[in-house]
Amino acid sequence: MPAITLPDGSQKHFEHSVSVAEVAASIGPGLAKAALAGKVNGELVDTSASIDRDATLSIVTDKDPEGLSVIRHSTAHLLANAVQELFPEAQVTIGPVIENGFYYDFAYKRPFSTEDLAAIEKRMAEIAAKDLKVHRRVLPRDEAVAHFKRIGEHYKAEIISAIPQGELISLYGQGDWEDLCRGPHVPSTGKLRAFKLMKVAGAYWRGDSRNEMLQRIYGTAWANEKQLKEYLTRLEEAEKRDHRRIGRELDLFHFQEEAPGAVFWHPKGWALFQQLINYMRQRQTEAGYQEVNTPQVMDRDLWVKSGHIETFGENMYMTQTPDERVFALKPMNCPGHIQVFKQGLRSYRELPLRLAEFGAVHRYEPSGALHGLMRVRAFTQDDAHIFCTPDQITAESVKITDLILSIYRDFGFTDVRIKFSDRPAKRVGSDEIWDQAEMALRHAAAAAGIETTLNAGEGAFYGPKLEFVLRDAIGRDWQCGTLQVDFNLPARLGASYIGEDSQKHMPVMVHRAMFGSLERFIGILIEHHAGKLPAWLAPVQAVVMGISNSQDKYCLEVAENLKNQGLRVETDLRYEKVGFKIREHTLKRVPFLLIAGEREVEARTLAVRTRGGKDLGSLELAELNTLLCDEVASRGRLVLEDRVSQRRSG
RNA sequence: GCCGGCUUAGCACAGUGGUAGUGCAACGGUUUUGUAAACCGUAGGUCGGGGGUUCGAAUCCCUCAGCCGGCACCA
């Protein structure tokens, strides 16, 4: 005699056990039709699941996030169903839900082509149109293993073999087709209406590069056509923000074959780069860092001592000189900074000692990893190492975390994910040291009041780390900032200081980077702002142009004046219509277009137009000067456009 | 590194075995112009590199490189 409590608090009583679908039908035919799954006492179940005792129930429809997940999961099954109908020899493996969709990995004798993809999608639509009932059955584990072995699904059999003996295994399917699955699934294939297969790709079985490669098909699925269309439009928009494309359009940088993974910075891109360095130099000087510079090329032996050769030797650039000495191009700055620390006898009074470097490093990254500015082989880190005592770790880490988050805010990034990465399998140092380092970093994260997600086994080979992750235009995450606690390298490279007790002690080294790679950070900045960099960062902040060439002299004069204020200003005196010039510089994302006609020359003003297309009218030169300088100096906290419109309306 | 795709003028692209094309940009000329594209003309490519098949290759095959999408990797 179950009593079902619904989300609005009302109760329904039933004589016998009832299914989720029956409860939905008892509420109304619309809900019965919309029901995709149910949530019984918080647990997601099929609409066919029966309830035989008192419970809370909410009916899950495509309006709920869980409903969308169920749709995606069922669409992955639909995909597998279609693939096996068209390619009976293909074996199924796994097909999880991911952000915006799903994928399914198949083992097949050849890769799927884009033509195959179209055929598969068509077959999926056909199966969906038949509105087949989705069925479920349960088998004991061993029977399930035997069953999948018998039908030639060896990957599935392997997956089930890992499930503890004695457990029941559920199988879901539609028509004659069936697959291992925990569920839940939609009640029938007709509920799957808005999906699209996106791409094929290779993927290793169980994510291990020692295993064979499977054929992965990615798809997207939504509650309705409208949502699907919106998603596809969003992808198109994101593509327009791609930093590689904007970098070319704005003439910021280029790559070429002779230097794979290395950037040729053009004047405008380099202006941005320098702007970031200036900014960071100021912030870290204020925070008590001292800047140093260490050699690009150092003897291989140093990297053997540090442990880098053993862990990353394959990814290091080596050089040999005519005298046959082998040198490595530095892939990191830490050993260099330790050499600076080691000069002379250090006292505990000097700690914490914060050494920073805009360090150019080279890493021979796997060819398949390269990606525009986001993953390069030659890049610049805003690197620093803080040499301190064990009891200074927490305070230093809190300072670093605060500084990183404050810096990200200045650039407009507020959605920052922080991961805590603990000891990796391949590491140096004893477990006791790792316990100590992980404990220290955990304390620090707690003291800084930040939320972290655990990234198990992803720490550096010498210590655990916090990773600060920013997201690009199409939702890919990139690690930028990092904070690592290291008890190992100082010992390996023999760093020490004299303590209060007149004895030698080993310092702890805290590694930190805030931009991480300046190249990557610029890539993310470009995408985040779709190329419309805030005025304080824009390579060209304003262009002064005349209506006709009669204003040339005036334009040059006012531009000169603004340049003397430290603003990055250009003139455009070409013999072209003003509309033409406005179009060009707007497309180049120049924040301010300053236009002079006869009226402006007469009144010693400039007409101001923003790259957003807003005409702010004419401003006195002195006033304009102040407003521009304020916006730049305040890093966008004072906005010229807002201040002008406020003044006008007030 | 692995799987797949791609590489034609500065950029975006067309061209499936028979004399390399279009648009924009560039350059030259005319137009002195009031807030997102004036008009006319000119030039530009050993079709990513190398090798092969063929009477003949941008086009078919092999190979190398780079790039793109994933996977693996990321100190």
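Naming: A, B, ... by sequence-line order, numbering from 1 per chain.
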> Backbone N or O of Leu587(A) within a donor-acceptor pair of the Arg589(A) side chain at under 3.5 Å?
Replying inline: yes
> Taking side chain as C-beta onward, heavy atoms only, is Arg248(A) less than 4.5 Å from His254(A)?
Replying inline: no
> Taking the inter-plane angle between the rings of Phe521(A) and Phe515(A) on a 0 to 90° scale, is it parallel (under 30°), tilted (30 to 60°) or perpendicular (over 60°)?
Replying inline: tilted
>> Applying salt bridge (charged side-chain N to carboxylate O under 4.0 Å, His left out), can you list everything that pairs with Lys426(A), at least two apart in sequence or on another chain?
In response: none
> Between Phe461(A) and His308(A), is the gap from one ring center to the other below 6.0 Å?
Replying inline: yes
>> If you assign Glu584(A) and Gln479(A) each to the RNA chain B nucleotide with the nearest heavy atom, which residue ends up on the more 5' nucleotide?
In response: Glu584(A)
> What pairs meet the ring pair (Phe, Tyr, Trp, His ring centres under 6.0 Å) rule with one or both residues in residues 356-376 of chain A, with sequence neighbours excluded?
Replying inline: Tyr317(A)-His362(A), Tyr317(A)-Tyr364(A), His371(A)-Trp478(A)
> So which one's nearest nucleotide on RNA chain B is more toward 5', Gln256(A) or Met213(A)?
Replying inline: Met213(A)
> Has the side chain of Arg216(A) got a donor or acceptor that lies under 3.5 Å from a partner of the other kind on the base of rC71(B)?
Replying inline: no
> Can you name the salt bridge (charged side-chain N to carboxylate O under 4.0 Å, His left out) partners of Asp105(A), sequence neighbours left out?
Replying inline: Arg216(A)
> Which residues pass the side-chain contact (heavy atoms from CB on, under 4.5 Å) test with Glu239(A), sequence neighbours left out?
Replying inline: none
>> Taking side-chain contact (heavy atoms from CB on, under 4.5 Å) as the definition, give me every residue that meets it alongside Ala530(A), ordered by chain and number, with sequence neighbours left out.
In response: Arg241(A)
>> What contact category does Lys465(A) fall into here, base, sugar-phosphate, or nothing, at under 4.0 angstrom with non-hydrogen atoms?
In response: sugar-phosphate
> Phe87(A) and Tyr108(A): aromatic ring centres closer than 6.0 Å?
Replying inline: yes
> Which of residues 235-245 of chain A have a heavy atom under 4.0 Å from RNA chain B?
Replying inline: Arg244(A)
> Reading nucleotides 29-34 of chain B from the 5' end, what letters show protein touch, with B for base, S for backbone sugar-phosphate only, - for no heavy atom under 4.0 Å?
Replying inline: --BBBB
> Per the atom types in the model, does the base of rG1(B) pair as donor or acceptor with the side chain of Tyr204(A) at under 3.5 Å?
Replying inline: yes
> Among residues 295-318 of chain A, which contact RNA chain B at a heavy-atom distance under 4.0 Å?
Replying inline: His308(A), Phe312(A), Asn315(A)
Enumerate all atom pairs, one protein N or O and one N or O from nucleotides 4-13 of chain B, separated by less than 3.5 Å.
from	atom 1	to	atom 2	distance (Å)
rA12(B)	OP1	Arg248(A)	NH2	3.3

>> Whole angstroms only, please: what is the CD-P distance between Glu365(A) and rG1(B)?
In response: 13 Å
> Reckon Ser209(A) has a side-chain N or O less than 4.0 Å from the OP1 or OP2 of rG1(B)?
Replying inline: no
>> Any strand counts, and the cut-off is 3.5 Å on both contacts for Watson-Crick or G-U wobble. Which nucleotide pairs with rC2(B)?
In response: rG70(B)
> side-chain contact (heavy atoms from CB on, under 4.5 Å) with Ala460(A): which residues, sequence neighbours excluded?
Replying inline: Tyr462(A), Gln484(A)
>> Using the side-chain heavy atoms of Arg363(A), tell me which of these nucleotides is nearest: rU35(B), rC74(B), rG69(B).
In response: rC74(B)
>> Is any side-chain heavy atom of Leu525(A) closer than 4.5 Å to one of Phe413(A)?
In response: yes
>> Regarding Pro366(A), tell me which of base, sugar-phosphate or nothing describes its non-hydrogen contacts under 4.0 Å with the strands shown.
In response: base
> Among the nucleotides rC73(B), rA75(B), rC71(B), which one has an atom lying closest to any side-chain atom of Ala369(A)?
Replying inline: rC73(B)
> Who are the side-chain contact (heavy atoms from CB on, under 4.5 Å) partners of Pro591(A), not counting sequence neighbours?
Replying inline: Ala535(A), Ala538(A), Arg611(A)
>> Using only modelled atom types and a 3.5 angstrom limit, is any donor from either the side chain of Arg377(A) or the base of rC74(B) paired with an acceptor on the other?
In response: no
>> Under the rule for salt bridge (charged side-chain N to carboxylate O under 4.0 Å, His left out), what residues qualify as partners of Glu310(A), not counting sequence neighbours?
In response: none
> Within the structure, does a side-chain N or O atom of Tyr103(A) lie under 4.0 Å from either OP1 or OP2 of rC71(B)?
Replying inline: no
